[in-house]
Amino acid sequence: MNTSQAIAAESVKIKATGQRKEPFSVVNLLSHILFIGITLAMIVPFVLVISISFTEETSIIEHGYQFIPLDFTAKAYRYIFEAPLVLIRAYGITIITTVIGTILSLLVTAMLGYVTSRRDFRYRTPASFFVFFTMLFNGGLVPSYILIKQYLHLDNTIWCLILPALVSPFYIMVMKGFLSKMPFEIIESAKIDGAREIRIFFTIVLPLSTPALATLGLFLSFGFWNSWFPALLYIDNEKLIPIQLLLVRMMQKLEFLTSNSDFISQFGVDTSKFPTLSARMAMAILAGGPMVCIFPFFQKYFVKGLTVGSLKG
């Protein structure tokens, strides 16, 4: 039996058994221990947050944080869900803002990234400089507030939560770097076939940019979901408050009551029973839980979007 036949026989044996024996290596053992430690470092705090959210406030003060609640209670969640309609409406505003903002932001980011990545675009360098310049300098909070409120009149509308964060110069540069590695011959062949620029962009460029769009979309959705400061500045209508701002107000109310316990106790209210610590953890779960559940569905695109540039480079 020659060498090629031996290799073929070994491959057939591996396919039949479904596994391949690898020699023991200290490096492999250390790498497994390292990744197990990193995984535990990410999972253990999340488990602790869930445990604290179901722990009695007096038990936390007396015994500290425990992975297994000594006094199990759902008082923190009952406090948050005292007004379920308000909470559901705030979730709805956040979901609408996240979905619309992510779609529009991806569209604008992809368009700007595509234009600045085209070698045949005459104003490619000035446009790239204009985008890069905004990463170094910005107008500041006061001009932005005057623009949104007095000139555009977007206050107390859902657009004041979307438009200020619609374009990110960093994401445009990332998209430009991804699209610049796309073969220009594809665009030229589409032009020869009679396709116009808008059709090339939507039927060729966007489908080929799925990994980058999924990666940027994940970051953008996190940004829109966790945003609460624009709502604090521009929203006075209680029906347009997102979930993040609602939870911030709840937390501020709890802190006010507990920090002024001597004054509040004159009215016969025992502030020591308020679930301040456990409510913080419950709010963290309610605020970040949906995005944690969504992340695994985008993980394959996220990893591919981070590595595709290095593979092509």
Side-chain angles (χ1 to χ4, degrees), residues 15 95-138 152 154 157-225 227 290-291 293-313:
K15 291 180 180 180
I95 292 173
I96 293 173
T97 303
T98 302
V99 172
I100 297 177
T102 302
I103 293 174
L104 292 179
S105 183
L106 279 178
L107 181 61
V108 175
T109 302
M111 286 182 174
L112 290 174
Y114 173 65
V115 168
T116 53
S117 67
R118 287 282 297 267
R119 297 193 301 267
D120 57 341
F121 179 48
R122 178 182 302 179
Y123 304 103
R124 175 188 178 187
T125 301
S128 299
F129 175 77
F130 179 77
V131 173
F132 178 74
F133 185 81
T134 57
M135 296 177 62
L136 305 177
F137 303 97
N138 60 74
L152 299 180
L154 296 177
T157 63
I158 198 172
W159 296 108
C160 69
L161 306 177
I162 298 175
L163 293 182
L166 192 63
V167 178
S168 172
F170 176 74
Y171 293 155
I172 294 174
M173 301 302 292
V174 171
M175 196 69 190
K176 174 189 174 183
F178 179 85
L179 293 176
S180 62
K181 294 180 174 60
M182 186 178 298
F184 189 69
E185 290 77 10
I186 298 177
I187 300 174
E188 289 182 337
S189 62
K191 283 186 174 182
I192 294 174
D193 293 336
R196 295 181 178 273
E197 292 292 344
I198 194 71
R199 184 176 181 182
I200 293 174
F201 177 74
F202 282 102
T203 61
I204 297 178
V205 176
L206 286 185
L208 293 177
S209 307
T210 302
L213 292 175
T215 305
L216 295 181
L218 186 65
F219 288 133
L220 289 169
S221 61
F222 281 159
F224 281 108
W225 183 272
S227 178
M291 301 306 293
C293 297
I294 292 175
F295 178 78
F297 297 99
F298 290 88
Q299 185 177 4
K300 60 179 181 180
Y301 297 105
F302 179 73
V303 175
K304 188 176 180 181
L306 292 179
T307 58
V308 68
S310 60
L311 292 176
K312 290 185 178 181

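Within 6.0 Å of atom CZ in F121, more than 12 heavy atoms from other residues, nucleotides or ligands are found, so the atom counts as buried in its surroundings. The number of heavy-atom neighbours closer than 6.0 Å to CZ of F130, taken from other residues, nucleotides and ligands shown, is 12 or below.
Taking CG of L206 as the reference point, atom CE of M111 lies at 8.0 Å (rounded to 0.5 Å). If you take CD1 on I198 and CD1 on I200, they are separated by 10.0 Å, rounding to the nearest 0.5 Å. Distance check: I192 CD1 to E185 CD gives 10.5 Å after rounding to the nearest 0.5 Å. Between I172 atom CD1 and S117 atom OG the span is 12.0 Å, to the nearest 0.5 Å. Residue S227 holds its OG atom at 14.5 Å from CZ of F222, rounded to the nearest 0.5 Å. Atoms CG and CZ, from L107 and F202 in turn, are 5.5 Å apart once rounded to the nearest 0.5 Å.
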Hey, can you pull the donor-acceptor pairs under 3.5 Å for the side chains in residues 95-104, sequence neighbours left out?
residue	atom	partner	partner atom	Å
T97	OG1	I93	O	2.7
T98	OG1	T94	O	2.7
T102	OG1	T98	O	2.6

Going by atom type alone, with no hydrogens or angles, which donor-acceptor pairs under 3.5 Å involve a side-chain atom of residues 162-170 and a protein atom two or more places apart or on another chain?
none

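In this structure, G217 and L106 approach most closely via the heavy-atom pair N-CD2, 3.7 Å. Residues G177 and S180 approach most closely at O-OG, 2.8 Å, considering heavy atoms. Closest approach of T109 and L216 over heavy atoms only: CG2-CD1, 4.3 Å. Contact record, K176 with T116: CE-O, 3.4 Å, taken as the closest heavy-atom pair.
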Stepwise side-chain contact (heavy atoms from CB on, under 4.5 Å) test for D120 and I187: CA-CA 11 Å; D120 57 341; I187 300 174; over 6 Å; no
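By the 4.5 Å heavy-atom criterion applied to side chains, Y114 and M175 are not counted as neighbours. Side-chain contact check for R119 versus R124: some heavy-atom pair is nearer than 4.5 Å. Inter-residue side-chain proximity for S209 and L179 is flagged as met; some heavy-atom pair is nearer than 4.5 Å.
With sequence neighbours excluded, no residue satisfies salt bridge (Lys or Arg N to Asp or Glu O under 4.0 Å) with D193.
Under the 30°/60° scheme for interplanar angles, the aromatic rings of F129 and F133 are found to be tilted. The aromatic rings of F219 and Y171 lie parallel to each other, with less than 30° between the two planes, well short of the 60° mark.
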